[in-house]
Every structure is written in structure tokens, then in C-alpha cells.
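Since the structure comes first, as C-alpha cells, the remarks are kept for the end.
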Amino acid sequence: MSRAVLEVRDLRVSYAHPLGVVRAVDGVSFSLAPNERFGLAGESGSGKSTMALAILRMIHPPGHIDGGRVFLDGVELSALDREAMRRLRLAGIALVPQGSMNSLNPVMRIGQQIADALADHGEALSRPVLDARIADLLPTVGLRPDVASMYPHELSGGMKQRACIAIAICLRPRVIIADEPTSALDVVVQRQVMATLARVQRDLGAAVILVGHDMGLMAQFVDRLGIMYAGRLVEVAPIGAIVTAPRHPYTRALVASLPSLEHRGRLQGIPGLAPLLRDLPRGCAFHPRCPIAGERCRQETPALRSLGTDGTVACHAAEATP
Amino acid sequence: MTELLRAEHAGRTYGKLTALRDVSVAIDQERPSILAVVGESGSGKTTLARMLLGLVAPTTGRVLYHGDDLHRLGSEARMAFRRDVQAIFQDPYEVYNPFYRVDHVLTTPVRKFRLARTKAEARGLIETALRAVGLRPEEILGRFPHQLSGGQRQRIMVARAVLLRPKLIVADEPVSMVDASLRATILETLRTLHEDLGISIVYITHDLATAYQISDAILVMYRAAVVEAGAIAPIVERPAHPYTKLLIASIPRVSTERSWMSEATTTLSGLAATGGCSFIDRCPVAMAGCADAVPPLYRTDADRAVACYRHQASPELVAADLGDVLAGCHRPAKRV
């Protein structure tokens with residue numbers, strides 16, 4: 001693998017809560033190769049969105065980054081001052097947040113919103129140059145150049161989401177973090193938007209982190225997938241391995257819970273509920289829901305370890321699985 | 001066949017906007033079934049659901065309950081309707097009053113419909129209903145909505161519907177706001193209720209994959225009209241309408257075969273959608289005649305109807321009534 005474009009080491013985020021400390025991200029490490037599409041999947045409350053914000057140092061009180069280091073092209077982000085970090089957002093790492101299509105300013109034309117992003121990052125361009133740049137940018141996300149003069153309410157959901165992607169890529173970032181970018185869209189439009197994201201990613205040579213819970217989307221989009229459970233990565237593996245031979249019992253349950261269009265039969269949910277982050281069970285956080293949990297799982301938290309393949313898994317019983 | 005509920009050429013307009021156009025479908029009382037209504041936002045599926053629930057009056061056609069116009073029922077028949085037909089809505093957060101304990105949504109119907117004579121009897125009924133949806137009463141009763149998860153809250157709504165032993169539950173996107181892992185559990189609960197208690201279910205969703213798993217029959221809707229309807233398995237396995245084909249191809253599969261994005265093309269036929277088929281602007285197989293008039297439903301099989309001129313060799317569906325097409329689409333009593 002070539003040198004990592006993004007490296008996250010032992011990232012920890014907690015939220016202060018009247019009933020105790022909530023460890024939303026608890027020692028997560030991973031790295032992204034240039035051009036790589038990496039997925040982060042898990043249930044709501046597993047810490048995947050918090051992690052996306054923590055990479056950009058956008059955690060606000062009562063949240064707090066307790067530790068860990070993030071490197072972008074070898075530059076340590078935690079060492080940057082506020083202004084340097086602000087400039088790096090969008091220019092270095094761009095975020096397409098959840099529900100971002102509703103974050104567009106309703107009384108501002110799309111072109112102006114892109115111009116604002118450029119101006120805010122010190123791109124002092126003359127009006128004609130700016131207009132030309134925006135007119136070039138919009139078609140790359142599948143929008144007509146005249147969308148620049150339109151307001152958000154004149155656009156469909158899919159078009160708004162494309163406009164958000166256009167803003168995210170306007171400074172040609174090295175990493176794009178997309179947090180459930182299509183969760184509010186219909187499946188037909190979702191496919192078009194994801195194809196657009198894949199294309200701009202290839203053209204920019206950027207790496208993408210896709211955050212979400214749709215295993216079908218992950219299977220079709222990412223190269224490698226990290227599965228999060230209760231603030232930790234419990235499995236990281238190439239997507240093919242996750243689909244064909246998931247090693248962690250939670251990953252297997254996630255894959256099995258997706259309804260198939262090939263076979264009709266019983267739908268399989270994951271029994272039990274996701275644990276409360278401020279009151280995690282001792283040992284492996286998944287053990288109360290795990291079909292193969294043993295005594296060791298109730299005592300000792302499993303660390304992420306390699307299994308002799310190109311994936312890693314945090315499960316004491318991973319060898320015992322097919 | 002005894003009809004519980006029938007939409008008869010039901011349509012709804014809001015000013016110039018047509019939300020639903022001419023749907024005729026019946027829910028049988030004797031042979032319970034699960035009918036999925038699938039379509040994208042704005043396809044009219046929620047309008048149809050609200051019409052079956054009596055929450056929206058049709059501007060054309062009628063909705064009949066036991067043969068009588070739903071909007072002209074006497075108070076007694078109206079009360080019977082309110083008991084026979086129950087609703088489950090999308091958002092398990094908004095249906096609760098945050099100041100009341102969740103018990104409130106369960107005790108109210110017991111009181112209103114005089115289901116129990118004593119408090120102990122009421123408590124017994126409520127506990128049975130909660131257990132029927134896989135909840136433990138001691139973990140639920142006495143709590144406030146914010147103390148429960150979205151999945152638990154949605155299952156309480158299912159329990160509330162079950163309490164009244166309805167003949168039909170209209171569930172409008174019941175799992176789109178709960179986690180993928182919980183979706184399966186809630187949908188299995190609905191299917192169990194259908195199988196064990198003989199409750200019919202109209203399952204409104206944008207998710208064709210879950211519809212395929214639990215339903216017997218399907219209505220595929222596009223821009224206010226039914227484009228394909230019938231038994232669900234043959235439709236998912238061999239879709240006939242170009243929109244149904246597009247819908248199925250758009251679902252990302254958990255598979256190592258990754259052709260999903262490479263096939264994402266927006267085919268533009270260049271024909272404008274004015275007065276003709278509403279799918280014409282996206283249709284890869286549109287013909288000249290498609291722009292002239294809205295295609296009627298053609299009965300391509302005993303258990304399928306398709307609104308597409310590509311199937312005009314088949315006979316037109318008599319009175320556009322889907323009841324006959326769907327009549328054979330309930331599954332044998334117990335599935336393996």
C-alpha cells in the first residue's frame with residue numbers, strides 16, 4: 001500500500017452526561033490510502049458520525065476529544081492552530097454531513113453559496129473567473145451550469161445533494177467524508193448520486209470515507225469497510241471479505257439482517273438492543289447479543305487483531321467462526 | 001368474497017396537483033393478505049394510505065367500508081371502522097406526547113372502545129399485546145417516551161394496533177426511521193400478527209426489498225398512479241414495467257458483483273410528459289404513442305396488471321379494478 005493520505009491513531013471522544021461519561025469513540029485507529037473508498041458502518045449510536053466530526057476537530061461541548069492523533073499527508077492535525085485547522089476543512093478534508101441538502105441557505109443562490117466557500121478559503125477571484133469556475137464545477141456533479149443561478153427550493157433532493165457535493169469538492173480536497181449522503185433520497189436517485197460521488201472522487205484522486213448503515217450501499221461503493229460497535233472498530237476488512245466471509249459475529253448479523261431480493265424467507269433482526277454507551281457491559285460490548293459469546297467475552301475486551309488475512313477483527317472467538 | 005375496504009376509482013387532487021389518480025383496490029375480510037404499496041416520494045402511496053384510513057377524502061371516486069361510503073358512515077359504523085382499521089405511522093417519536101407515560105397510548109383505546117371492565121383486565125390486555133410484539137411489559141409500562149428506543153416506541157404502536165384486534169393495519173413507512181437491524185424484527189412482528197391473528201396489512205414503503213420479504217402482493221406507484229400490480233414474487237423476479245425494472249436495478253445488493261454504479265445512467269428519451277405516460281421522460285423504451293394518452297392497466301397475467309403500452313397486446317383490466325388481480329395473491333395459511 002502506498003503512503004496513507006489520512007491516518008487516524010487511537011482517537012477518543014467522550015460526551016459529558018449527567019449520568020456519566022459517554023465514550024462515543026473509544027480508541028479508533030485506521031488509515032486511508034490515496035484514492036481509497038473506506039466505509040464506516042454501524043447502528044445509530046455506534047459513534048460513526050462522531051468519528052467523522054472528530055477527524056475534522058469539530059466536536060463541541062459537551063463533547064470532548066480526549067486523545068488520539070490524526071495525520072493528513074503526514075501533517076498532524078491536532079498540532080494545528082484554530083485558523084490553520086479552519087483553512088484545512090473543505091480544502092484538505094471536506095465533509096458532506098448527514099442531511100446536508102437541508103443545510104443549503106434557502107435565500108441564497110447555489111452559485112453564491114459555492115462562491116462563499118471559495119472566498120472563505122482565500123480564493124480571491126474576479127467575478128468572471130469565479131463564474132467560470134462555478135460553471136465548470138457544476139457539470140462535474142451532474143448539474144447544469146445554470147443551476148448556479150437557482151435557489152435550493154427550485155431543486156429536487158438529488159440535485160440539492162449534488163450541489164452539496166459540489167461545495168465539498170470545490171477546493172479539490174484530499175479526503176471527502178460523506179455521512180449518509182443519500183439517506184433521504186429515493187433508491188433511483190441514490191444510485192445516481194453515489195455514481196457521481198465515485199466519479200468526482202476518481203477525478204480528484206481523493207479518498208472517501210462513507211459513513212452509513214446500509215450494507216448494500218457499502219458493498220457496492222467502498223473498497224474496505226470498518227464496522228463500528230459501541231464506539232470501537234470491531235472489524236476492518238476488504239469489502240469482498242466482509243460480504244463473503246464476515247469474521248465478527250456482529251458483522252455477520254448486520255449482513256444477514258439485510259433483506260435479500262434473491263430469496264424470500266424470514267427476516268433476521270439482531271436480537272437485543274445496542275448498549276448504552278455510558279453503561280457498557282464488562283468485556284466485549286457485544287457479548288449480551290452475541291450467539292457465540294463465552295466466559296472470556298464477559299470478562300475481557302477483545303482487541304483488534306489480524307487473523308492472517310488482510311482484515312482485522314476484535315473477537316475472542318473469531319477463529320471458531322466459519 | 002366479503003370486502004372490508006374498497007377504494008373505487010379513488011383519486012385526489014390538491015388544486016392543480018394530482019396526488020392520486022384512479023386507484024381501485026379492495027381488502028378482503030376473509031382472506032387476509034399483506035399488500036405492499038411501493039414507490040418514491042411523491043408517488044401517491046401515502047395519499048392512498050391516508051385515504052384507506054379515512055384521513056383524506058377522495059376528490060374523485062369513493063372509499064367503501066363494508067360497501068358503504070366511508071365518509072357517510074353513521075356513528076356506530078364509524079366506531080366499528082375505527083376499530084377494524086388501525087394505523088402505524090412513520091415517526092415513532094412524533095406520535096407520543098412527551099409529557100405522558102407511554103401507557104397512555106395503550107390505556108386510551110382500551111377505555112374508548114370499552115375493551116375491559118376492570119383495571120386488572122385492562123392491564124392484562126395491554127401486557128398480552130406488548131408480549132405479542134416481543135416487548136417485556138415490565139420494561140415498557142410506566143416509562144416516558146424519551147426513555148425508550150425508537151424501535152421500542154414503534155413496537156408499542158404495533159401493540160396498540162393489535163390491542164383492538166383490527167382486521168386491517170395500514171402501516172405507512174413503519175420502519176424507515178429505525179435502524180436496519182431493528183427493521184427486520186418489527187417487520188417479522190407484523191408478519192407474525194398477520195399469520196397468527198389473521199390481520200391484513202397494507203405496508204406502505206419505498207423499500208422494495210423488505211416488501212418482497214413480507215408481502216404477498218404489491219402495487220408499484222409512480223407519479224400518482226399504479227404502474228404495476230399483482231403477486232409480488234413474479235413482479236420482483238420478472239418486472240414488466242420499465243419503472244419497476246429501474247427500481248429493482250437501483251437497489252444496492254450485498255454482493256461481490258459490483259455493477260451497481262456503472263449502470264447508473266439517466267436515460268432521457270427526450271419526450272415530454274404532457275398528457276401521456278408519466279414515466280415517458282425517464283423511459284428507455286418509450287414509443288411515439290406513449291405521449292398521447294395515459295396507458296391503461298393491461299392484464300398481462302392472472303395475477304399481474306401493467307400500465308405500459310409495451311403490453312397492449314394483453315387485454316385491458318376491466319374497470320381498472322385491481323381487486324381481481326390481487327385476489328389470488330394471498331399465501332397459504334402458514335409459511336415454512
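Bear in mind that the values here come from a model prediction, so they are computed numbers and not experimental data. So you know, we letter chains A, B, ... as the sequences are listed, proteins then strands, and number each from 1.
- For Glu237(B), no part lies near chain A; criterion is any non-hydrogen pair under 4.5 Å.
- Annotation: side-chain contact (heavy atoms from CB on, under 4.5 Å) contacts of Glu94(B) (sequence neighbours excluded): Asp91(B).
- Interface residue Leu217(A): backbone and side-chain heavy atoms are both found under 4.5 Å from chain B.
- The salt bridge (charged side-chain N to carboxylate O under 4.0 Å, His left out) search around Asp203(A) returns none, not counting sequence neighbours.
- In this structure, the side chain of Arg253(B) does not engage the main chain of Gly216(A) through any donor-acceptor pair within 3.5 Å.
- One finds the CE atom of Met261(B) at 10.5 Å from the CZ atom of Arg191(A) (value rounded to the nearest 0.5 Å).
- Residue Ser260(A) touches chain B through both its backbone and its side chain, counting heavy-atom pairs closer than 4.5 Å.
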Criterion side chain to side chain contact (heavy atoms under 4.5 Å, CB included) on Leu267(A) and Arg183(B), from CA distance to verdict: CA-CA 9 Å; Leu267(A) 288 164; Arg183(B) 270 177 208 174; over 6 Å; no
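- For chain A, the option among Thr210(B), Leu208(B), Ile186(B) with the highest count of heavy-atom pairs below 4.5 Å is Thr210(B).
- For a heavy-atom cut-off of 4.5 Å, chain A lies close to no residue in residues 135-145 of chain B.
- Both the backbone and the side chain of Val188(A) come within less than 4.5 Å of a heavy atom of chain B.
- Residues meeting the salt bridge (charged side-chain N to carboxylate O under 4.0 Å, His left out) test with Arg232(A), sequence neighbours left out: Asp26(A).
- Proximity of a side-chain donor or acceptor of Asp186(A) to a complementary backbone N or O of Ser41(B) within less than 3.5 Å is detected.
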